[in-house]
Amino acid sequence: MEEASGVRMVTGNGENSYAANSRLQEKAILETRPVLRKAIEEVYTSLSARRSTMVVADLGCSSGPNTLGFVSEVIGAVRSCTRKSEEERRAVEVQFFLNDLPGNDFNLVFRSLEQLENLGGKDTPPYYVAGLPRSYYRKLFPSRSVHFFHSSYSLMWRSKVPEELSSCTHLNEGNIYIGKTTPPMVIKLFQEQFKKDFELFLTLRFKELVSGGRMLLTFLGRKNEEMMTHGEVGTLYELVAESLLSLVLKGRVEKEKLDSFNVPYYTPSVKEVRELINKSRLFDIEHARLFESNWDPQDDSDGDVVLDYAGSGANVANCIRAVMEPLIVDHFGEDIIDDLFVVFASIVAKHLEKAKAKYPIIVLSLKKAT
Ligand SMILES: C[S@@+](CC[C@H](N)C(=O)[O-])C[C@H]1O[C@@H](n2cnc3c(N)ncnc32)[C@H](O)[C@@H]1O
């Protein structure tokens with residue numbers, strides 16, 4: 001299978017890097033902490049006395065503080081399990097695999113691992129961390145060898161742009177994802193790509209999990225079956241397309257270049273996801289919920305008021321640039337990138353004047369079916 005070209009976050013830890021601009025994704029990890037703790041507790045309890053190694057994989061780990069944040073969360077959860085089960089103490093060791101596409105900045109991850117040394121403490125389980133550069137739409141592990149899979153803010157990425165779009169058999173004129181003017185046939189192509197990818201992901205992970213193994217999956221979704229609801233990813237990508245179009249009008253980007261650019265992405269509804277999981281019969285859904293997160297990663301308020309449109313526009317632009325810059329540079333070249341995100345920040349600011357925008361995020365805790 002081909003890998004989606006250009007899907008990698010901005011490397012390093014400089015101003016525009018993913019590591020320095022991943023607060024939005026960090027909030028999701030904090031929000032799902034109780035579900036993570038519960039899943040780890042259940043995995044811990046199911047470990048046989050003989051088998052004391054817990055194998056944990058983070059799929060789409062990227063680079064930056066969230067990668068380490070996840071590792072310390074799991075270690076903390078195992079430590080509290082060990083404390084609770086004082087009478088029949090198990091010497092559990094944890095083997096972590098940090099997975100992402102080969103273009104990920106694994107060096108930054110490896111270099112930052114020593115920060116974990118401070119996690120020490122009496123009940124800290126011995127743990128080992130390895131990198132695993134490969135698409136999670138492929139086999140990653142031997143059969144029945146993993147206890148827990150985690151993936152946060154990654155599964156909305158598709159393995160590729162649907163072929164009929166990348167070959168220009170169908171056009172999505174003026175859009176880069178599903179927008180208001182996207183033809184129904186093109187929407188169907190994005191949906192079919194999602195179904196294929198998600199079914200494959202479930203089948204692969206089912207084989208790799210031990211009996212009783214679990215997965216915690218958190219990804220961007222949709223609130224209902226509508227494709228274009230305010231605050232959802234479709235609206236955000238329309239604003240990126242509008243920014244690119246403004247560069248077409250200035251003669252900086254060719255119109256054909258814009259029309260041939262599509263993002264390998266799809267945000268499903270909870271209903272779509274449930275249907276695929278139930279149809280597969282591979283997993284029991286232990287927990288499924290949707291929560292919302294402000295577009296502006298620095299805005300922690302619950303209300304519907306945006307206090308500083310320009311400031312929020314700039315914050316959203318920094319966050320989206322850290323995720324999309326490599327994909328955009330691969331297709332349009334490097335020259336437009338600074339100007340594009342200046343335009344985008346002001347377009348987002350104007351958009352937020354109409355109403356505050358919040359992404360819907362789906363959280364699923366799944367158990368391997370028996
Ligand atoms: C927005 S980042 C999220 C990173 C991290 N989990 C966090 O919460 O900050 C999404 C990551 O998913 C990775 N990704 C996308 N498709 C992937 C695939 N098929 N296999 C492995 N990783 C993938 C991207 O390379 C990127 O690093």
Side-chain angles (χ1 to χ4, degrees), residues 1-13 16-33 35-36 56-74 96-109 112 131-141 148-161 193-194 196-205 208 215-221 233 236-237 263-267 293 295 297 316 318-328 330 359 361-363:
M1 183 200 282
E2 301 155 50
E3 318 262 280
S5 98
V7 179
R8 58 190 186 279
M9 309 296 104
V10 175
T11 55
N13 51 10
N16 294 325
S17 65
Y18 181 76
N21 293 283
S22 46
R23 187 161 193 265
L24 180 76
Q25 294 82 352
E26 181 194 356
K27 289 202 234 176
I29 292 176
L30 296 177
E31 180 77 30
T32 55
R33 186 189 256 165
V35 195
L36 174 75
V56 174
D58 189 23
L59 307 180
C61 65
S62 200
S63 52
N66 299 345
T67 316
L68 296 192
F70 166 71
V71 173
S72 16
E73 273 301 327
V74 173
F96 287 98
F97 287 95
L98 301 179
N99 156 264
D100 207 292
L101 291 166
N104 183 52
D105 193 352
F106 282 101
N107 280 338
L108 185 74
V109 176
S112 55
L132 181 52
R134 189 173 166 86
S135 169
Y136 49 58
Y137 295 120
R138 291 166 173 240
K139 277 186 196 171
L140 294 175
F141 293 97
F148 181 62
F149 282 116
H150 175 260
S151 180
S152 191
Y153 257 93
S154 296
L155 278 170
M156 58 279 176
W157 287 103
R158 304 279 45 87
S159 62
K160 59 181 176 189
V161 171
Q193 189 63 51
F194 164 69
K196 254 192 249 165
D197 285 342
F198 198 66
E199 281 171 350
L200 176 63
F201 180 87
L202 292 176
T203 309
L204 293 167
R205 301 299 84 84
E208 294 163 352
M215 302 209 276
L216 172 57
L217 311 177
T218 308
F219 47 92
L220 286 164
V233 164
L236 180 102
Y237 279 136
V263 185
Y265 217 80
Y266 183 78
T267 51
S293 188
W295 275 18
V316 174
N318 290 340
C319 167
I320 300 303
R321 179 172 181 163
V323 172
M324 290 200 69
E325 180 175 316
L327 204 58
I328 291 176
D330 280 0
Y359 298 112
I361 298 158
I362 296 176
V363 187

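Just so you know, ligand 1 is whichever comes first in the structure, and atom 1 is the first atom listed for that ligand.
- In this structure, Pro65 and Ser22 have side chains that are in contact, with non-hydrogen atoms separated by less than 4.5 Å.
- Between Trp157 and Tyr265, the ring-plane angle classifies as perpendicular under the 30° and 60° cut-offs.
- No side-chain donor-acceptor contact under 3.5 Å links Arg8 and Tyr18.
- Using a 4.0 Å heavy-atom criterion, the residues that approach ligand 1 are Val7, Met9, Tyr18, Gln25, Ile29, Gly60, Cys61, Ser62, Asn66, Asn99, Asp100, Leu101, Arg134, Ser135, Tyr136, Tyr137, Ser152, Tyr153, Ser154, Trp157.
- No side-chain heavy atom of Asp58 sits under 4.5 Å from any side-chain heavy atom of Val74.
- A ring-centre distance under 6.0 Å is not found for Tyr266 and Phe198.
- Phe97 has its ring centre less than 6.0 Å from the ring centre of Phe141.
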